[in-house]
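Right, one structure below, let's go through it.
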Amino acid sequence: LCLFEPLVHEAKPDIYIQNIYISALILNDKNDQAQKYLLSQLNGSNRHNVLIDLGIIAAKNNDYTSALNYFNQVEITNNTINDEALYLLKAAIYDSNGQIDLAIENYKKITHSQYLVEVADIMLLNNYLAKKDYTNIDKLLSKLAAHDNLDEMHTILFKSSYYLDQAQFEMAYHLLNSKWYKYSSNSDYLYQYATVNSLLHKTKTAIELYKKYIKLMPNNTYGYNDLAYLYVTQTKDYKLAKKYAEIAYNISPNDSFIQDTMGLVYYKLGDYNRALQLIKTSYTTNPDPDVAKHLKDVYIAMKRNNLADQVVLVNKQEVQTKLKQQLVQKSLMLLIYMQLGL
């Protein structure tokens with residue numbers, strides 16, 4: 001620090017020397033001193049650099065309002081990776097504050113750095129979904145599919161997988177149904193179409209489709225497992241559910257989803273001890289919300305309400321909020337590395 005003091009107080013300090021100085025102050029927990037120095041340099045020759053450094057210090061202090069105030073004064077003339085790291089941090093802060101339109105505006109400015117583009121695309125999809133902007137969701141999914149050179153069938157599977165993951169079952173159904181006549185003999189297409197019919201409680205159709213899939217792919221456990229799950233959750237035919245669940249379980253006894261289905265069958269048949277053993281094992285390795293609910297139901301059926309209360313039901317909205325907060329921290333770390341080498 002003593003070595004750099006005279007250099008950083010020159011009339012036109014070198015940007016790299018300036019950033020090394022700020023890095024040293026941050027490393028020595030002297031954020032206030034760093035901020036004081038930078039404020040004294042705001043009207044100097046390195047204003048662009050100083051504004052970014054001030055924004056970083058404000059963000060490190062969790063003062064995101066001040067951070068955005070500094071970042072928004074930065075004049076960006078070309079999209080370098082440093083600039084795109086700045087866009088990502090701005091977008092992430094707006095996103096975590098629920099300012100979706102401003103978040104989208106900044107995510108869309110990230111166009112060159114492939115890694116950052118991938119992150120931005122994921123967040124754009126989330127935000128378009130929050131706005132129910134299905135037109136832009138479809139455009140972005142089409143762009144991603146084209147980037148990976150997917151043909152028509154795999155593009156439909158890719159898009160419908162996204163909609164299924166986001167519980168937009170009707171969107172997935174209409175997409176798959178539009179080309180069902182063309183790709184009905186393809187096993188992947190058949191399985192996904194059966195899945196979406198099941199999720200929409202088109203039970204009779206889903207059963208027929210899963211049986212067709214099993215004939216086509218007799219060694220695939222998920223055809224048996226999903227058919228068993230369909231029988232146990234949407235019909236009263238628990239014997240048939242048990243038959244298909246046992247086939248899946250005998251092939252893949254360590255698969256957590258198959259353990260859950262087998263346990264759910266025993267729960268419906270009133271064998272709570274065997275149900276508990278299977279579903280608890282499944283929950284230990286896979287705390288999926290549905291598995292957690294099944295475990296809770298078994299405990300309640302066994303009148304062990306104290307244990308039922310201890311089962312954590314994951315809230316998807318809480319997960320999204322935490323992910324957005326983590327993105328702010330990750331983006332800040334990236335910008336600090338790009339700007340200050342820390």
Side-chain angles (χ1 to χ4, degrees), residues 48-148 158-159 161-168 171 314-340 342:
H48 176 283
N49 188 65
V50 168
L51 285 168
I52 295 175
D53 288 353
L54 279 167
I56 285 172
I57 290 171
K60 274 179 63 64
N61 292 331
N62 298 319
D63 182 359
Y64 297 121
T65 300
S66 294
L68 286 171
N69 180 50
Y70 291 126
F71 291 148
N72 285 332
Q73 294 180 64
V74 175
E75 294 182 13
I76 297 175
T77 55
N78 55 358
N79 267 23
T80 65
I81 188 169
N82 292 46
D83 297 331
E84 298 205 334
L86 179 58
Y87 286 137
L88 182 63
L89 178 54
K90 285 174 61 178
I93 293 172
Y94 283 129
D95 212 347
S96 67
N97 290 336
Q99 296 172 276
I100 293 176
D101 289 331
L102 288 170
I104 289 173
E105 180 185 320
N106 281 277
Y107 285 132
K108 288 173 73 173
K109 291 177 181 177
I110 301 168
T111 56
H112 291 89
S113 170
Q114 186 56 40
Y115 169 72
L116 297 186
V117 167
E118 289 173 4
V119 174
D121 284 344
I122 291 168
M123 301 311 293
L124 278 170
L125 284 171
N126 287 341
N127 283 310
Y128 287 144
L129 186 64
K131 290 170 65 72
K132 297 183 179 179
D133 185 350
Y134 296 112
T135 299
N136 273 316
I137 288 175
D138 188 70
K139 286 180 182 177
L140 184 48
L141 290 174
S142 294
K143 185 195 91 169
L144 295 171
H147 181 268
D148 286 342
F158 168 64
K159 288 183 177 182
S161 292
Y162 170 78
Y163 288 125
L164 285 171
D165 187 57
Q166 299 300 324
Q168 302 296 308
M171 297 289 293
V314 178
N315 183 294
K316 192 169 184 179
Q317 189 60 47
E318 288 177 7
V319 172
Q320 285 291 323
T321 299
K322 287 180 181 178
L323 287 173
K324 288 180 179 182
Q325 292 168 348
Q326 287 174 4
L327 182 59
V328 172
Q329 294 305 314
K330 298 280 186 184
S331 303
L332 176 58
M333 287 168 63
L334 177 63
L335 183 60
I336 288 173
Y337 174 72
M338 301 300 298
Q339 177 76 0
L340 302 172
L342 295 179

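All values below come from the heavy atoms of this structure, side chains included, with hydrogens, waters and symmetry mates left out.
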For this session: Kindly indicate, with the supporting measurements, whether the criterion side chain to side chain contact (heavy atoms under 4.5 Å, CB included) is fulfilled by Ile56 and Leu89.
Result: CA-CA 10 Å; Ile56 285 172; Leu89 178 54; 5.6 Å; no
Side-chain donor-acceptor pair present, [X], [Y], cut-off under 3.5 Å:
X	Y	value
Lys90	Asn72	yes
Gln114	Glu118	yes
Asp53	Tyr70	no
Tyr134	Gln168	yes
Thr80	Asp83	yes

For this session: Take Lys139 and Thr135, measure what side chain to side chain contact (heavy atoms under 4.5 Å, CB included) needs, and give me the verdict at the end.
Result: CA-CA 6 Å; Lys139 286 180 182 177; Thr135 299; 4.0 Å; yes
Problem set entry | Check against side chain to side chain contact (heavy atoms under 4.5 Å, CB included), Ile336 and Lys60 | CA-CA 10 Å; Ile336 288 173; Lys60 274 179 63 64; 3.9 Å; yes
[X] side, atom [atom1]; [Y] side, atom [atom2] - distance, nearest 0.5 Å:
X	Y	atom1	atom2	answer
Phe158	Leu144	CZ	CG	5.0 Å
Tyr87	Asn82	OH	CG	12.0 Å
Ile93	Phe71	CD1	CZ	6.0 Å
Tyr163	Met171	OH	CE	4.0 Å
Leu141	Lys143	CG	NZ	10.5 Å
Met123	Ile104	CE	CD1	10.5 Å

[X] versus [Y], closest heavy-atom pair with distance:
X	Y	answer
Tyr94	Ala103	CB-N, 3.8 Å
Ala67	Gly55	CB-O, 3.5 Å
Asn126	Tyr162	N-OH, 4.4 Å
Val74	Leu86	CG1-CD2, 4.1 Å
Ile100	Ala130	CD1-CB, 3.9 Å
Leu140	Leu124	CD2-CB, 3.8 Å

For [X], does the [atom1] atom sit with more than 12 other heavy atoms under 6.0 Å from it, leaving out its own atoms?
X	atom1	result
His48	NE2	yes
Lys316	NZ	yes
Lys109	NZ	yes

Taking the side chain from [X] and the backbone from [Y], do they hold a donor-acceptor pair closer than 3.5 Å?
X	Y	value
Glu84	Ser113	yes
Asn106	Leu102	yes
Asn69	Thr65	no

Exercise. Can you find a pair of side-chain heavy atoms, one from Lys131 and one from Asn127, that are under 4.5 Å apart?
Worked result: no
For this session: Would you check if Asp121 and Leu125 make a side-chain contact, meaning some heavy-atom pair closer than 4.5 Å?
Result: no
For this session: Take Tyr64 and Asn62, measure what side-chain hydrogen bond (donor to acceptor under 3.5 Å, both in side chains) needs, and give me the verdict at the end.
Result: CA-CA 6 Å; Tyr64 297 121; Asn62 298 319; 3.3 Å; yes
Exercise. Checking side chain to side chain contact (heavy atoms under 4.5 Å, CB included) for the pair His112/Ile81: CA distance, chi angles, key distance, verdict?
Worked result: CA-CA 8 Å; His112 291 89; Ile81 188 169; over 6 Å; no
